[in-house]
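Down below is the structure, laid out as structure tokens.
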There are 2 protein chains.
Amino acid sequence: MHKPTIQDVARRAGVGVGTVSRVLNNHSAVRASTREVVLSAISDLKYTPNPHARRIAGGKSYTISVLLPVVTTEFYLRLLDGLEHAFQEARYDVAIFPLLDRSRLERYLGSHTLAYQADGLVMVTYNLTQIFQQNYGGAWPHNVPSVLVDAHAEGVDCAYMDNVLGGRLAGDYAAKLGGTLYAIWVETELDLLFTTRVFSDRRSGFLEAVGRAGRQVAGEYISSFDSLAARSVASQLLDEAVLPATVFASADLLAGALLDEAQARGLVIGRDVRVIGFDDQPWSKGRGLTTLHQPVEAMGYDAAQLLLERLTGQERPAVSHRFEPRLIVRSSTEG
Amino acid sequence: MHKPTIQDVARRAGVGVGTVSRVLNNHSAVRASTREVVLSAISDLKYTPNPHARRIAGGKSYTISVLLPVVTTEFYLRLLDGLEHAFQEARYDVAIFPLLDRSRLERYLGSHTLAYQADGLVMVTYNLTQIFQQNYGGAWPHNVPSVLVDAHAEGVDCAYMDNVLGGRLAGDYAAKLGGTLYAIWVETELDLLFTTRVFSDRRSGFLEAVGRAGRQVAGEYISSFDSLAARSVASQLLDEAVLPATVFASADLLAGALLDEAQARGLVIGRDVRVIGFDDQPWSKGRGLTTLHQPVEAMGYDAAQLLLERLTGQERPAVSHRFEPRLIVRSSTEG
DNA sequence: TTGTAGGCGTTATCAA
DNA sequence: TTGATAACGCCTACAA
């Protein structure tokens with residue numbers, strides 16, 4: 001009644017344990033017919049390999065630690081999907097470390113078990129490489145293969161969303177639409193460590209495109225990433241705006257609040273107020289919000305592949321993969 | 001230059017590996033002096049045991065899986081602190097599984113690695129025991145020791161906050177304060193699976209206490225757990241309220257929004273409007289919010305102990321440990 | 001109270 | 001292309 005082991009599989013398939021291990025790990029040197037036999041033995045026995053034994057024998061943890069700010073937004077969920085998908089294919093486990101504040105980060109880094117638990121590191125949004133070099137150069141094993149997602153750094157593999165391009169796409173389109181131009185940006189964190197360029201990038205792209213089109217932005221607003229704050233900023237904007245207005249709200253959360261406020265004021269979306277969001281949230285389609293869609297899962301999947309390449313010992317210069325948002329036009333900009 | 005092993009420690013301490021293992025696991029049969037020698041050898045070598053080897057040798061995973069709804073609220077962070085503290089003492093690792101929707105839960109349960117990764121299960125807020133009995137009775141090993149936190153169920157160890165009492169304390173106090181009585185409740189999820197009784201408990205306690213005092217609630221409001229919604233409900237309440245009003249806002253998030261709205265209207269907190277919150281958020285003290293403080297860390301620590309008892313094979317009927325919120329009076333109710 | 005040796009379930013190496 | 005067999009690092013009898 002014990003869980004079947006690789007031995008049981010080998011016996012049942014009439015082969016050696018080495019062979020079973022080979023098919024498990026996709027080693028090429030296995031005849032197709034034997035592979036079949038082994039595979040069916042595995043499914044007969046409902047065998048699943050014991051990851052702990054694997055780790056100790058292989059001398060690796062077969063685990064990737066993912067450090068990310070929060071996990072409750074659409075963006076991070078989709079990213080996790082992409083990451084987990086890729087790592088599962090490669091038989092790696094994923095350990096999630098939600099980073100909410102500095103103290104929590106330090107506790108994770110200090111915990112001795114973490115060092116064992118990760119062959120590689122995925123750092124999302126925040127570039128923590130400095131931390132490792134500075135405070136934890138000792139505690140953390142040197143040169144843990146790492147990949148940055150949604151962030152940049154020299155000498156490290158990165159996969160990032162081109163937010164400048166996203167802003168530019170919004171800017172090009174907004175300039176064409178006509179109407180007074182406005183923008184709402186997300187207030188970024190103050191902590192030096194927990195910092196992200198996402199929104200400043202969107203801004204620079206947008207301003208560049210608008211300027212290139214010979215237009216100018218009549219007003220810029222800043223809101224924290226919170227629906228209440230967003231609503232009140234939306235209200236302020238509509239108080240001050242010259243209609244018809246075209247507004248680039250640099251996150252769908254902000255855009256949604258603006259739609260709400262505009263509707264509450266009886267304005268016609270797409271005519272009096274045109275709104276461009278950013279994120280393509282699940283609800284964005286239903287509300288007809290023109291917005292920028294980001295290939296987030298693909299970015300996660302790709303980041304995982306970059307890390308897996310490193311893990312197989314590939315030496316190569318650090319690369320940086322760029323992903324492009326694309327504009328999705330809906331009714332919020334088409335009266 | 002390799003990581004020191006138990007062998008290295010034994011050699012350095014001039015003892016056998018068995019002895020080292022014994023001090024590592026707090027086995028009593030070790031002379032105090034030898035224990036000292038071993039301990040110093042450990043620290044000299046900066047030895048940390050390899051958890052994977054331990055897992056395979058012991059036939060256990062020494063890992064606890066914690067399934068919780070989200071990790072970005074104060075409540076869950078504090079709970080995690082309590083849990084992790086207790087499990088670390090017992091040399092267990094904690095794997096966090098943020099549950100955001102049903103599909104994610106199913107993926108976790110379906111993943112074979114989870115079965116290996118957990119000697120025990122902590123289920124927070126949501127009672128998922130039914131799931132295991134129904135759909136996953138096969139996939140999931142039967143009788144995984146489990147503990148429910150912040151939730152009830154028959155036949156399972158539980159540690160829960162007495163929200164009825166919390167509501168009652170708020171009700172008793174509110175009744176004494178005078179003023180027209182109002183309450184704001186949090187809208188609970190509709191999904192049958194992801195359901196929690198937290199807020200309905202607070203409500204029944206509150207209503208009971210108020211009724212017992214011969215008072216009655218002039219109005220009840222419902223808000224989703226979102227600052228914007230909370231603000232708008234607060235506004236509606238203040239539009240309709242007969243002042244002076246005493247409001248029980250069943251979460252500090254709601255209470256905060258009410259304070260904001262009241263101040264925006266120039267009302268005097270503690271005189272025109274008295275507010276009782278629930279949670280004792282970090283900011284609650286600074287804003288002088290009277291609220292209910294919950295011993296969340298203690299609850300987490302205790303839940304962990306319950307689970308650890310089960311893991312050592314203790315047979316005993318399921319117990320249910322109750323934790324009591326306590327009222328903290330601040331200026332929001334004292335004009 | 002302590003040391004020795006066998007076993008846990010893999011992967012990796014080396015012949016065959 | 002395969003099958004033995006030696007690690008991997010720890011825990012746990014069993015003996016001393």
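Residue numbering restarts at 1 for every chain, and letters A, B, ... go by the order of the sequence lines.
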Next on the checklist: I need the full list of ring pair (Phe, Tyr, Trp, His ring centres under 6.0 Å) pairs touching residues 6-49 of chain A, with sequence neighbours left out, sorted by first then second residue.
Outcome noted: none

Item to check | Of all pairs that satisfy salt bridge (charged side-chain N to carboxylate O under 4.0 Å, His left out), the ones with a partner from residues 40-63 of chain B, not counting sequence neighbours | outcome: B:Arg12-B:Asp44, B:Arg55-B:Asp93

Item to check | By side chain to side chain donor-acceptor pair (under 3.5 Å) - contacts of B:His321 (at least two apart) | outcome: B:Asp302

Checklist entry - By salt bridge (Lys or Arg N to Asp or Glu O under 4.0 Å), which residues pair with B:Glu297, not counting sequence neighbours? => result B:Arg78

Item to check | Summary of salt bridge (charged side-chain N to carboxylate O under 4.0 Å, His left out) pairs that have at least one residue in residues 22-39 of chain B, sequence neighbours excluded | outcome: none

Item to check | Qualifying residues under side chain to side chain donor-acceptor pair (under 3.5 Å), relative to A:Glu324, sequence neighbours excluded | outcome: A:Arg322

Checklist entry - Expressed in angstrom and rounded to an integer, what is the separation of B:Leu24 atom CG from D:dT12 atom C1'? => result 14 Å

Item to check | Terminal axes of the helix from C:dT1-D:dA16 to C:dA16-D:dT1 (five pairs each): angle between them, nearest 10 degrees | outcome: 40°

Item to check | DNA chain C: 5'-most and 3'-most nucleotides touching chain A, 4.0 angstrom heavy-atom criterion | outcome: C:dG9 to C:dT13

Checklist entry - Base, sugar-phosphate alone, or nothing: which one does B:Arg11 contact when heavy atoms must sit under 4.0 Å apart? => result nothing

Item to check | B:Phe323: partners by ring pair (Phe, Tyr, Trp, His ring centres under 6.0 Å), with sequence neighbours left out | outcome: none

Checklist outcome for this item: Hits for side chain to side chain donor-acceptor pair (under 3.5 Å) against B:Tyr301, two or more places apart or cross-chain, chain-then-number order -> B:Glu89, B:Gln305

Item to check | By side chain to side chain donor-acceptor pair (under 3.5 Å) - contacts of A:Glu309 (at least two apart) | outcome: A:Arg316

Between protein and nucleic acid, restricted to nucleotides 4-9 of chain D and to nitrogen or oxygen atoms under 3.5 Å apart, what atom pairs and distances do you find?
| residue | atom | partner | partner atom | Å |
| --- | --- | --- | --- | --- |
| D:dC8 | O2 | A:Ala57 | N | 3.3 |

Checklist entry - Taking the inter-plane angle between the rings of B:His152 and B:Tyr160 on a 0 to 90° scale, is it parallel (under 30°), tilted (30 to 60°) or perpendicular (over 60°)? => result tilted

